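To start, the structure itself, in structure tokens.
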Amino acid sequence: MVNRFVQKLKNLVDLSEADVAALVDATASPRDFSARQDMIREGDRPGPVFVVLEGWACRYKILPSGTRQIIAFLLPGDACDLHVGMLEEMDHSLQSITPSKIALIPGERMAKLMLEHPRIANAMYKSQLIDEGTLRAWIVSMGRRSSIARVAHLMCELYLRSGPADGNVEVALPISQIVLADALGMTPVHVNRVLRDLRLAGAMTLKRGALTVIDPIKLVMIAGFDENYLHRRRSHLSHLVPHPGH
């Protein structure tokens, strides 16, 4: 089975065979998490570096009112914050969205891994910078994009991060409208209405855990999407249209 963590880091940096072997060994004994199971909670003492090998997870915060705001999705290959162990306590929680396999790499082992394998360290730093860029894109969406643009933008992002081959119009999106609402700062009813509008516009459909991009140009134009913050090669999803900042 492909190790998605190794695959992701290899796409960022040219890793040696020794680097790959070290990463495979560090993630060789993942732990199984059921759907909606917390890996670590806000206020807990930070522990290991969590690496998602299979399944989907998220970062989230609970407001005093009891409502939840999802602040990031973690897909196969993603890891939590590299230096979170330097803090006294967690300022957010991590939870599996679907049944997942998560590798737990102790902070000391990760530090040793990066010291002995500089290319792994370089890849991890690049990965964290991409995570920070993604967070900035989410902040812009929450603050400035309309509801339909906000939903369309997240759909574009998740489509690309799910790793589809160029030309494949459908990807698995195993998240409910309630989860989407928590990520988008909207109500589930509002999300449902916007998804209907995107479907009627002929841009995309989302049903039974699958996202189908019907018209990539239309979806990108509605979102005002530029994938530069994901720092990957240009895909067929966005190279077809002019980018807003150009």
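All values derive from a computational prediction rather than experimental measurement. The basis for the numbers below is simple: all heavy atoms, side chains too, and nothing from hydrogens, waters or symmetry mates.
Cluster annotation: Phe73 and Leu135 are assigned to distinct hydrophobic clusters (Ile/Leu/Val/Met/Phe/Trp/Tyr, side-chain heavy-atom contacts under 4.5 Å, transitive). The cluster map of Ile, Leu, Val, Met, Phe, Trp and Tyr, joined by side-chain heavy atoms under 4.5 Å apart, puts Leu53 and Val24 in the same cluster. Hydrophobic clustering, with ILVMFWY side chains joined whenever heavy atoms are under 4.5 angstrom apart, groups Leu160 together with Ile222. Placement of Ile214 and Leu195 in two distinct hydrophobic clusters is found when ILVMFWY residues are connected by side-chain heavy-atom separations under 4.5 Å, directly or transitively. Residues Trp56 and Ile71 do not share a hydrophobic cluster, clusters being chains of Ile/Leu/Val/Met/Phe/Trp/Tyr side chains in contact below 4.5 Å.
Expressed to the nearest 0.5 Å, how far CD1 of Ile139 lies from CZ of Arg144 amounts to 13.0 Å. Expressed to the nearest 0.5 Å, how far CG of Asn122 lies from OG of Ser127 amounts to 11.5 Å. Between the CG atom of Leu198 and the CZ atom of Arg193 there is a distance of 12.5 Å, given to the nearest 0.5 Å. Separating the NZ atom in Lys126 from the CD1 atom in Ile130 is a distance of 8.5 Å, to the nearest 0.5 Å. Rounding to the nearest 0.5 angstrom, the gap separating the CG atom in Asp91 from the CZ atom in Arg59 is 9.5 Å. One finds the NZ atom of Lys10 at 12.0 Å from the CD1 atom of Ile120 (value rounded to the nearest 0.5 Å).
Leu129 is linked by a side-chain contact (heavy atoms from CB on, under 4.5 Å) to Glu132, counting only residues two or more places apart in sequence or in another chain.
Residues Arg68 and Gln95 bring a donor and an acceptor atom of their side chains to less than 3.5 Å of each other. Donor-acceptor pairing under 3.5 Å is lacking for the side chains of Tyr60 and Glu42. No hydrogens or angles considered: nothing links the side chains of Ser100 and Asp32 as a donor-acceptor pair under 3.5 Å. Between the side chains of Ser16 and Asp19, at least one donor N or O lies within less than 3.5 Å of an accepting N or O.
The backbone N or O of Ala183 sits less than 3.5 Å from a side-chain atom of Gln69, completing a donor-acceptor pair. The backbone N or O of His190 lies less than 3.5 Å from a partner atom in the side chain of Thr187, making a donor-acceptor pair. Remark: side-chain polar atoms of Lys101 are not paired, donor with acceptor, to backbone N or O of Gly55 under 3.5 angstrom.
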Checking Cys80 against Val49 for the side chain to side chain contact (heavy atoms under 4.5 Å, CB included) test, could you report, in this order, the C-alpha distance in whole Å, the side-chain angles of both residues, the deciding distance, and whether it holds?
CA-CA 6 Å; Cys80 72; Val49 175; 4.2 Å; yes
Applying side chain to side chain contact (heavy atoms under 4.5 Å, CB included), run through Ile62 and Ser93 and close with a yes or a no.
CA-CA 9 Å; Ile62 299 293; Ser93 304; 6.0 Å; no
Under the criterion side chain to side chain contact (heavy atoms under 4.5 Å, CB included), I'd like the reasoning laid out for Val52 against Leu75: C-alpha separation, chi angles, the key distance, then a yes or no.
CA-CA 6 Å; Val52 182; Leu75 277 58; over 6 Å; no
Let's go through Gln37 and Ser96 carefully: what are the C-alpha distance in whole Å and the side-chain angles of both, what is the deciding distance for side-chain hydrogen bond (donor to acceptor under 3.5 Å, both in side chains) to 0.1 Å, and is it a yes or a no?
CA-CA 5 Å; Gln37 180 179 352; Ser96 57; 5.3 Å; no
Should Arg109 and Asp25 be marked as a salt bridge (charged side-chain N to carboxylate O under 4.0 Å, His left out) after you check the CA-CA gap, both sets of side-chain angles, and the distance that decides it?
CA-CA 11 Å; Arg109 182 170 187 180; Asp25 186 60; 2.5 Å; yes
Test Val140 against His153 for side chain to side chain contact (heavy atoms under 4.5 Å, CB included), laying out the working first.
CA-CA 11 Å; Val140 171; His153 197 277; over 6 Å; no
For a salt bridge (charged side-chain N to carboxylate O under 4.0 Å, His left out) check, start with the C-alpha distance between Asp38 and Arg41, then their side-chain angles and the critical distance, and finish with the verdict.
CA-CA 7 Å; Asp38 283 330; Arg41 294 178 179 173; 2.9 Å; yes
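Counting all heavy atoms, side chain and backbone alike, Ala172 lies closest to Ser162 at O-OG, 3.9 Å. The minimum heavy-atom distance linking Arg150 with Leu184 is given by the pair NH1-O, 2.7 Å. Ala181 and Val191 make their closest contact through CA-CG2, 3.7 Å (heavy atoms, listed as atom of the first residue, atom of the second, distance). When every heavy atom of Trp138 is checked against every heavy atom of Ala72, the shortest pair comes out as CZ3-N, 3.7 Å. Contact detail for Ile178 and Pro188: the closest heavy-atom pair is CG1-CG, 4.2 Å. Nearest heavy atom pair, residue Leu104 against residue Ile102, reads CD1-O, 3.4 Å.
For the pair Met124 and Met110, the minimum side-chain heavy-atom distance is below 4.5 Å. In this structure, Met90 and His92 have side chains that are in contact, with non-hydrogen atoms separated by less than 4.5 Å. Inter-residue side-chain proximity for Tyr229 and Glu157 is flagged as met; some heavy-atom pair is nearer than 4.5 Å. Residues Leu15 and Leu23 have side chains in contact (heavy-atom distance under 4.5 Å, counting atoms from C-beta outward). Side-chain contact between Met204 and Tyr159 is absent, with no heavy atoms from C-beta onward closer than 4.5 Å. Leu219 places none of its side-chain heavy atoms less than 4.5 Å from the side chain of Phe225. Put simply, the side chain of Ile97 does not reach to within 4.5 Å of the side chain of Arg36, judged on heavy atoms. A 4.5 Å side-chain heavy-atom check between Phe5 and Pro76 finds every atom pair outside the cut-off.
The only member of Val169, Val171, Ile175 that meets side-chain contact (heavy atoms from CB on, under 4.5 Å) when paired with Leu211 is Val171.
Remark: Arg4 does not engage Glu54 in a salt bridge, criterion side-chain N to carboxylate O under 4.0 Å. Salt bridge present: Lys8 and Asp78 bring a charged side-chain N and a carboxylate O closer than 4.0 Å. For Glu116 and Lys112, the salt-bridge test passes: some basic side-chain N is under 4.0 Å from an acidic carboxylate O. The pair Asp182-Lys61 does not count as a salt bridge, with every side-chain nitrogen at least 4.0 angstrom from each carboxylate oxygen.
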